[in-house]
> 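Have a look at the structure that comes next, please.
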Amino acid sequence: NNPGCNYLSCTIKSSLNKYVGFATLPNQVHRKTVKKGFTFTLMVAGETGLGKSTLINSLFLTDLYRDRKVPNAEERIGQTVDIIKHTIGIEEKGIKLRLSIIDTPGFGDAVNNTASWKHVEDYIDQQFEQYFRDESGLNRKNIQDNRVHCLLYFISPFGHGLRPIDVECMKALHEKVNIIPLLAKADSLTQAEVYSKKLKMRDEIKQFGINIYQFPECDSDEDEDFKRQEQILKDSIPFAVIGSNIQVDSKGRKFRGRSYPWGVVEVENPIHSDFLMLRNMLVRTHMQDLKDVTREIHYENYRAQCIQNMTRMMPGPLNRSATDFLLLSFQLRKMQEVLERIQEQMQQSQTGTC
Ligand code: GDP
């Protein structure tokens, strides 16, 4: 009877008085994603010998490179960059993660490295292309996401900042993948050297217009401790890392470390390196954001480019209508997905209340 009350606002009000069951939505999403499992694809690049395989083993407590054969100098002269994929299933407290590591042996090893990163770039594009095809096909429910979510780029600790190949490579890839630069073998540098090299590299990254992965901005209502941690993370780029494949036994403690005549370096000790910060960031705090940025920015750029290229190949008048058609079919598909999701949620909440 209220003249100011239209149908929609009345419905919302009445539903607020009763318990309908929306509060279970997070649980439903949680159950569904846990059942499906998680996937994450990590790529590593950088000159041979910078400790890439050792770091990956240390990060995920695996031994991924057991059968690896390192080529000799002669074999490496004319070597091209290979792309090797290792996939492992990790389970922790019932949560399954399918982790894929994309290795790029041969990167920067040839006499002429002008196009060292071309293979890496092609690989990233191929994964986008495959996803684009699958997404446009009929069996969209079972798409395997092989898109590269993060690239750990190893920088030598022995140079004076970035080398030309680092600049060229990161610039060639920064629009396609989330780049996280790492200062490799940090135990070979003093604390002051780590500090000054980090400063120089951050300056160069800015100066050369390289867009590395940006940590998301904190919301203003976030607590102070969280904001401080995020700032430390941003100021630590490039992460200074140390890796080791062996367990050291020292003073009654066992840990992954490197033993030298003058002392022992602990991989997971935050005073010795940023290893722990990197692992926490990759696994505990930013894995989902890395995936979101891949999907929403890098993949969307690729998709937009694809659609543009496809329509450009058509003759003039067809060009405009083809663009409209592609956009319309994409919107229809998105709507269909939303409807399917709503239907599923309704079914689940009905079974939940029965
Ligand atoms: P990759 O070719 O980049 O995969 O490098 P590897 O992981 O095979 O490491 C090459 C060599 O460097 C091996 O002898 C490792 O033991 C050593 N190494 C790996 N990580 C570190 C590190 O953090 N510090 C030091 N000093 N040496 C390392």
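Remember, it's 1-based here, ligands and their atoms both numbered in the order they're listed. Residue numbers count from 1 along this sequence.
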> For residues 232-261, pull every pair meeting ring pair (Phe, Tyr, Trp, His ring centres under 6.0 Å), keeping only residues two or more places apart or in separate chains.
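Every ring pair (Phe, Tyr, Trp, His ring centres under 6.0 Å) pair that includes a residue of residues 232-261, provided the two are not neighbours, is Tyr260-Trp262.
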> Going by the order shown, which atoms of ligand 1 are within less than 4.0 Å of some heavy atom of Ser53?
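In order of number, 1 (P), 4 (O), 6 (P), 7 (O), 8 (O).
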> Apart from Ile271 itself, which Ile, Leu, Val, Met, Phe, Trp or Tyr residues share its cluster (side-chain heavy atoms under 4.5 Å, direct or through members)?
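Besides Ile271, the cluster holds no residue at all.
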> Mark up the atoms of ligand 1 that fall under 4.0 Å of a heavy atom belonging to Gly51, in ascending order.
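So the atoms of ligand 1 that pass are 1 (P), 3 (O), 5 (O), 6 (P), 7 (O), 9 (O), 19 (C), 20 (N).
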> So Lys227 and Gln231, do their side chains get closer than 4.5 Å, heavy atoms only?
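Counting from C-beta outward, Gln231 and Lys227 never come under 4.5 Å.
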> Is any N or O atom of Gly243, backbone or side chain, closer than 3.5 Å to an N or O atom of ligand 1?
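Yes, Gly243 has an N/O under 3.5 Å of an N/O on ligand 1.
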> Between Lys52 and Asp103, does any side-chain N to carboxylate O distance fall below 4.0 Å?
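No, Lys52 and Asp103 are not salt-bridged.
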> Would a 4.5 Å heavy-atom cut-off, applied to side chains only, mark Arg279 and Glu268 as touching?
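Yes, their side chains come closer than 4.5 Å.
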> Please determine whether any non-hydrogen atom of Gly49 lies less than 4.0 Å from an atom of ligand 1.
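Checking ligand 1 against Gly49, which is what was asked, there is a heavy-atom contact under 4.0 Å.
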> So, are Asp203 and Lys206 salt-bridged, with charged N and O less than 4.0 Å apart?
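Answer for the salt bridge query: no.
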> Do Lys52 and ligand 1 have an N or O pair less than 3.5 Å apart?
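Yes, since at least one N or O of Lys52 sits under 3.5 Å from an N or O of ligand 1.
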> For Asp187, which part has a heavy atom under 4.0 Å from ligand 1: side chain, backbone, both, or neither?
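The side chain, only.
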> Please determine whether a side-chain nitrogen of the Lys or Arg among Lys200 and Glu204 lies less than 4.0 Å from a carboxylate oxygen of the Asp or Glu.
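Counted as a salt bridge, because a side-chain N and a carboxylate O are separated by less than 4.0 Å.
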> Is it the side chain, the backbone, both or neither of Tyr260 that has a heavy atom closer than 4.0 Å to ligand 1?
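Near ligand 1, Tyr260 shows its side chain, while the N, CA, C and O stay back.
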> Would you mind running through ligand 1 and noting each atom that sits below 4.0 Å from a heavy atom of Thr48?
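Listed by number with element, the hits are 2 (O).
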> Say whether Ile242, considering both its backbone and side-chain N or O atoms, lies within less than 3.5 Å of an N or O atom on ligand 1.
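No.
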